[in-house]
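Taking it in order: structure first as structure tokens, then the write-up.
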Amino acid sequence: MGPLQADLDGLYLHVGPALAAVRREGAWDSAVGGTISLARVREREAVSVVGGRVTGARWGLGGARVAAEGLVAFGDWKIGVVGGPLVDLADLHHPRIGASAAIWCFAGVVPYLRVGVIEASGGFVEAGLEIPLPVWRHR
């Protein structure tokens, strides 16, 4: 009999907080928010994770953003990418449309590096950490 090995394949729902440092509109800011993701995991496949997610974050200096993103990860290392459209919200302007993409690595927690662009306010760069908490699994 071989060594015991967990089978993590399945469909997962994760909910969790996120915290980031953001460079936008020529200044440093923070972002605090959360993510809800639904992802299919197949550990032994070349494309090991495929799914989608909804994120939201509040900018430290005011305003917020919401986004819908697709996600994919590759191989045993669970290194992946996410990306999709976003909406920037604030009290002082109408909602602004944008898009962002990020690279990430699953290591119990999820460090990431995101780049994005928002109409009328330019681009942003964000480095952060997400903590995905599994709330449901279907095998």
Exercise for review: Please report the shortest heavy-atom distance between Asp9 and Arg44, naming the atom on each side.
Suggested key: OD1-NH1, 4.3 Å
Study note, to complete from the structure: d(Leu8 CG, Arg139 CZ) to nearest 0.5 Å is 9.0 Å
Point to revise | Connected via hydrophobic side-chain network under 4.5 Å: Leu13 and Val41 | key: no
Review point. What are the two closest non-hydrogen atoms of Gly108 and Pro132, and how far apart are they?
Key: O-CD, 4.1 Å
Exercise for review: Grab the two heavy atoms, one from Lys78 and one from Ser48, that are nearest each other, plus how far apart they are.
Suggested key: CD-OG, 3.7 Å
**Study point:** Atom CZ of Arg137 with >12 non-hydrogen neighbours under 6.0 angstrom
**Key:** yes
Check your understanding: Hey, are the side chains of Val47 and Arg40 touching, using non-hydrogen atoms and a 4.5 Å cut-off?
Key -> no
Review point. Looking at CD1 of Ile36 and CG of Leu133, how far apart are the two atoms once the value is rounded to the nearest 0.5 Å?
Key: 12.0 Å
Review point. Do Val50 and Phe74 sit in the same hydrophobic cluster, where Ile, Leu, Val, Met, Phe, Trp and Tyr count as joined when their side-chain heavy atoms come under 4.5 Å apart?
Key: yes
Exercise for review: For the pair Thr35 (side chain) and Gly16 (backbone), establish whether a donor and an acceptor sit closer than 3.5 Å, ignoring hydrogens and angles.
Suggested key: no
Point to revise | Any Leu11 side-chain heavy atom under 4.5 Å of Leu38 side chain | key: yes
Atom pairs and distances, donor-acceptor, side-chain atoms in residues 82-90, under 3.5 Å, two or more places apart:
unit_1: Asp88; atom_1: OD1; unit_2: Trp59; atom_2: NE1; d: 2.9
unit_1: Asp88; atom_1: OD2; unit_2: His93; atom_2: NE2; d: 3.4

Review point. At their closest point, which heavy atom of Trp104 faces which heavy atom of Val110, and how far apart are they?
Key: CB-CG1, 3.7 Å
Review point. Less than 4.0 Å between a side-chain N and a carboxylate O, is that true for Glu69 and Arg53?
Key: yes
Please output the side-chain donor-acceptor pairs of residues 121-129 that fall under 3.5 Å, not counting sequence neighbours, one pair per line with the distance.
unit_1: Glu126; atom_1: OE1; unit_2: Arg65; atom_2: NH1; d: 2.8
unit_1: Glu126; atom_1: OE1; unit_2: Arg65; atom_2: NH2; d: 3.2
unit_1: Glu126; atom_1: OE2; unit_2: Arg65; atom_2: NH2; d: 3.0
unit_1: Glu126; atom_1: OE2; unit_2: Tyr112; atom_2: OH; d: 2.7

Practice item. Check the hydrophobic clustering (I, L, V, M, F, W, Y; side-chain heavy atoms under 4.5 Å; chains of links allowed) and say if Leu113 and Ile79 are grouped together. Key: no
Check your understanding: Mind checking whether Val115 and Val22 sit in one hydrophobic cluster, side chains of I, L, V, M, F, W, Y counted as touching below 4.5 Å?
Key -> no
Study note, to complete from the structure: dist Arg24:CZ -> Asp29:CG (nearest 0.5 Å) comes out at 5.0 Å
Check your understanding: Would a hydrophobic clustering, with Ile, Leu, Val, Met, Phe, Trp and Tyr connected at side-chain separations under 4.5 Å, put Val32 with Leu61?
Key -> no
